[in-house]
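On a predicted model such as this, the values are computed, not experimentally measured, just so you know.
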Amino acid sequence: MSSETEQTVFLSDYSPSPYAIEKVELEVEIAPEVARVHAWLTISPREGTAPGTPLVLDGDELMLDSIALDGAPLVLSAYASTPRALTLIEPPARRFVLETSVKLAPEKNLRLMGLYRSNGTWCTQCEPEGFRRITYFLDRPDNLAVYRVKMIADAALAPVLLANGNLVEQGDAGNGRHFAVWDDPFPKPSYLFAMVAGDLGSIHDEFTTMNGRKVALGIYCAHGKEDQCLYAMDSLKRAMAWDERRFGREYDLDVFNIVAVSDFNFGAMENKGLNIFNDKLVFAKPETATDADYANIERVIAHEYFHNWTGDRITCRDWFQLCLKEGLTVFRDQEFSSDERSRPVKRIEDVRVLRAAQFPEDAGPLAHPPRPDHYKEINNFYTTTVYEKGAEVVRMLATLLGEAGFRKGMDLYFERHDGEATTIEAFIKCFEDANGRDLRQFQQWYLQAGTPRLAVTENYDAGTKRYTLDFTQTNPPTPGQPEKQPMVIPVKFGLVGPNGAPATWTGVSGGNVADDLIVLDGASARITFEGVANRPVPSLLRGFSAPINLETNLSEADQLFLARHDSDPFNRWQALQEIATALLTRAARGMNWTGESVAALAAALAETVAAPGLDDAFKANVLGLPTEANIARVLASDVDPDAIHRVRVQLIEEIARQIAGALQAAYAAGSVDGAYSPDAAQAGKRALRQAALAFLVRGGVGGAAEIAARQYQAATNMSDRFGALAAIAANWTADAPALLADFRTRYGEDPLVFDKWLALSASPADDGALERVRAILAAPDFPRNNPNRLRALVGSFASGNPVQFARADGAGFRFVADFVADVDKRNPQVASRVLTAFRTFRTYEPVRRAAAEAALKNLADAGGLSRNVADILERTLSG
Ligand SMILES: [Zn+2]
């Protein structure tokens, strides 16, 4: 890879391929060490293609065994083949069938792209460019073809043979082998191709669609894990029903299969009719999975299923449009979880993720628009900007158009573009046409990178009873985009009167205000409310109605008022976060907080936790003070992770001392009677209990560590046990190592629990963390090629342990850079993902900044890097 010329791909260079592959027939013979792929591709020149135009098919590490055209072998001068391309010099100017065969070595495929073997099971991953590692092809999303796949394998080694579509034939293939033929009638791009062969267990169920069609559902997994797939199956059926109810989308094939594999670069993959999942997003039982694991499984099972319409039936024209399917489908899975669980809690959790992961990306050297216009390595654009910010953009569209208007646009999108590979522009056009709206300026959200800042000053004139809000929008520069247009920002709002009830007004002017929505579309605006009896407190950006940084001139007293009285739960949570963030950022800069401020925050927390009528999961979120990473993000420069860690612990200690009684009461009230269930109400109870315990332990309240240790020992489910252990590990108290060791042995060889142990070993801020991680990684039996294990250990250290990753002596940086160089040789995708932990290195204080830069330059100097890592490294260093 290193000798390859670094080629940048530009959106503006897009043009359709001169030829189209319309039909694909594959015969795949699978045996240990080798797989033979025979392909018959029905190809036509597109209209306007000049006769004699060469046909160039993509390949990646392929070796051509044979080639024929319409059944006749081709002479050597008629084609050229390399591992990366197959060129027909002068193809016929009519429809023809190209026949090729190649041999693959799945066992040697450690990149986990194309066909590979995971724990004995043969499986595929083709998004974005893996199909070219299976056969020579027009491996681009705008080539839609129908597929028919015959798989042949040893009946004992691989009794299960699965591919996309419907099973149409199966039987004996001689010599102890058998075959299966799968036919997918829906034209699809090659990245949605999938195939699985192996000796797998399975569970089966059935779903009847809204029009009465029966769909056979199957989940395949390693033998003995079948009982751990039941929640995934339940989630799938709920997701299928929800998509019918909410979006009118019905499933289209006779079968829907899911396969859980243990070596997987991503979370899961939406291949048509055959989703392939990282097993951690399928397997769950109360003894080994936490409530968060269950919620994640539900979410991702739904996400991949929803892709059947937003991704598979309507796909992307090119990879620049990735957020067309991802942003939209994340929005859909967020809505599903909101409907199945608590909407405000889901919103808070999503915004936490957005601020922790996407905002730093948007503020640093890796910033890019949700719809980028150039890339060197598309694998590096599976980012939180494309996924989570992409979902925020769709959410704003829904806010601006209202639920009915949004649904009209979606209906038109499904009707107009079914069976197509399309673009963001075409998507937006559906909402314009369905609603008679001009959304050209709104489209900037897809084109401009960076998080907009919205400053608001409020003013009340008691004499005229006039209340004004002055908004100023700024869009900070990002790489390649020094200047920006103002964005369309939907600000959901309310004015809260002195008694906590909504304030009223007799007139409003100066901007686009309707009901509870202000729509800003210029650099600044002054909104004036007439006839406001008393000074209200504004509750702005309710439900986080836009992915922006809001800066207000509200006082601490105003925030406390909102925390108590706002009818919008998100803003109640946000108000307390604002107060804590202000205290922590000032303290991290060496300015002391006042006792009154801390006491007021502590009292508000205690009051919220005790308040009747609020969701337990909501209260748990209220107790989650801003993370160290979040404080670093707000500080934005001269960041000293030690100082942040220190003041955050101090604040927790002070608050815990003051409201220990309230926290202990919340802990006691949160105990669950009866059998474990992962439902939202029970999970919420456990979450609140857990948040209270973590607060008490972290705050050093007498006896809290002992309570945690007892809970650890007595727990009957993983949520309670893991929660207690996490509270102890975070503090790295004297008994932490012994309890972690107990946890390691208690669950034997369960790999998913092992990942939890790895993460808990890597995240504590104690000075021994780096040595601990180093020793675990160096153990001879550590599974060095499994992405889950590597991410759990080194990913947790690099992205979840800001103090030790950013040690002032640079040892943490050097360790992670060395790890990236090593893993890059086998799995560039995992390596480049871990490397992104350096994306905010320029915000550190000078000593750490220099140490991080030295580690990165050292990595660059070593050379021999994959395109994935080289691209991230170059952008990180130049930003
Ligand atoms: Zn997706």
Side-chain angles (χ1 to χ4, degrees), residues 356-357 360-361 364-366 588 627-633 635-649 726 729-732 736-737 740 755 757-779 782 784 789-824 830-862 865 869 872-873 876-877 879:
E361 183 166 270
L366 302 182
T627 61
E628 290 168 31
N630 206 32
I631 301 160
R633 177 182 67 78
L635 288 171
S637 64
D638 265 314
V639 167
D640 174 356
D642 278 329
I644 293 174
H645 180 75
R646 200 171 50 242
V647 298
R648 187 171 180 277
V649 172
N731 247 22
W732 207 249
L740 267 175
D755 286 347
W757 178 80
L758 291 172
L760 280 183
S761 303
S763 317
D766 69 295
D767 287 335
L770 176 57
E771 275 323 303
R772 217 159 44 236
V773 172
R774 219 191 273 282
I776 294 169
L777 187 64
F782 186 81
R784 315 182 62 78
R789 305 299 96 77
L790 297 173
R791 281 188 290 247
L793 182 67
V794 185
S796 298
F797 178 77
S799 299
N801 193 340
V803 169
Q804 294 302 324
F805 169 60
R807 282 161 56 137
D809 66 3
F813 298 137
R814 285 193 298 275
F815 166 74
V816 173
D818 290 347
F819 170 85
V820 167
D822 177 51
V823 171
D824 191 37
V830 169
S832 65
R833 185 55 67 103
V834 171
L835 183 60
T836 61
F838 282 92
R839 67 188 169 194
T840 51
F841 88 90
R842 286 194 201 280
T843 65
Y844 291 131
E845 50 75 29
V847 172
R848 286 176 173 83
R849 200 187 319 151
E853 189 161 15
L856 290 173
K857 285 195 165 146
N858 193 40
L859 178 62
D861 290 346
L865 299 170
V869 165
I872 296 284
L873 191 54
T876 304
L877 278 168

Polar side-chain atom of [X] near backbone of [Y] as donor-acceptor pair, under 3.5 Å:
{"X": "D755", "Y": "A792", "value": "no"}
{"X": "Q804", "Y": "R807", "value": "no"}
{"X": "R791", "Y": "V834", "value": "no"}
{"X": "R784", "Y": "L777", "value": "yes"}
{"X": "T836", "Y": "R839", "value": "no"}
{"X": "W757", "Y": "L740", "value": "yes"}

Could you tell me whether D642 and R848 have a side-chain N and a carboxylate O separated by less than 4.0 Å?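 Looking at R848 together with D642, the answer is yes, because their closest N to O distance falls below 4.0 Å.
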In the structure I gave you, are the side-chain heavy atoms of [X] and [Y] within less than 4.5 Å of one another anywhere?
{"X": "V816", "Y": "F838", "value": "yes"}
{"X": "I644", "Y": "P802", "value": "no"}
{"X": "W732", "Y": "D767", "value": "no"}
{"X": "T876", "Y": "L835", "value": "no"}
{"X": "S637", "Y": "T843", "value": "no"}

Taking the six-membered ring for Trp and the single ring otherwise, decide whether the centroids of F841 and F805 are under 6.0 Å apart.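 When the ring centroids of F841 and F805 are compared, they turn out to be at least 6.0 Å apart.
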Roughly how far, to the nearest 0.5 Å, is [atom2] of [Y] from [atom1] of [X]?
{"X": "E771", "Y": "D766", "atom1": "CD", "atom2": "CG", "value": "11.5 Å"}
{"X": "R833", "Y": "I872", "atom1": "CZ", "atom2": "CD1", "value": "8.5 Å"}
{"X": "L758", "Y": "S763", "atom1": "CG", "atom2": "OG", "value": "10.0 Å"}
{"X": "R648", "Y": "N630", "atom1": "CZ", "atom2": "CG", "value": "9.5 Å"}
{"X": "L873", "Y": "K857", "atom1": "CG", "atom2": "NZ", "value": "10.5 Å"}

Which pair of non-hydrogen atoms, one from [X] and one from [Y], has the smallest distance, and what is that distance?
{"X": "A811", "Y": "L770", "answer": "CB-CD2, 3.6 Å"}
{"X": "A855", "Y": "A817", "answer": "O-CB, 3.9 Å"}
{"X": "R849", "Y": "R842", "answer": "NE-O, 3.6 Å"}
{"X": "P360", "Y": "T840", "answer": "CB-CG2, 4.0 Å"}
{"X": "L865", "Y": "A860", "answer": "CD1-CA, 4.3 Å"}
{"X": "N801", "Y": "A762", "answer": "ND2-O, 2.9 Å"}

Evaluate Y844 against F813 for ring pair (Phe, Tyr, Trp, His ring centres under 6.0 Å), listing each step before the verdict. CA-CA 12 Å; Y844 291 131; F813 298 137; 5.7 Å; yes
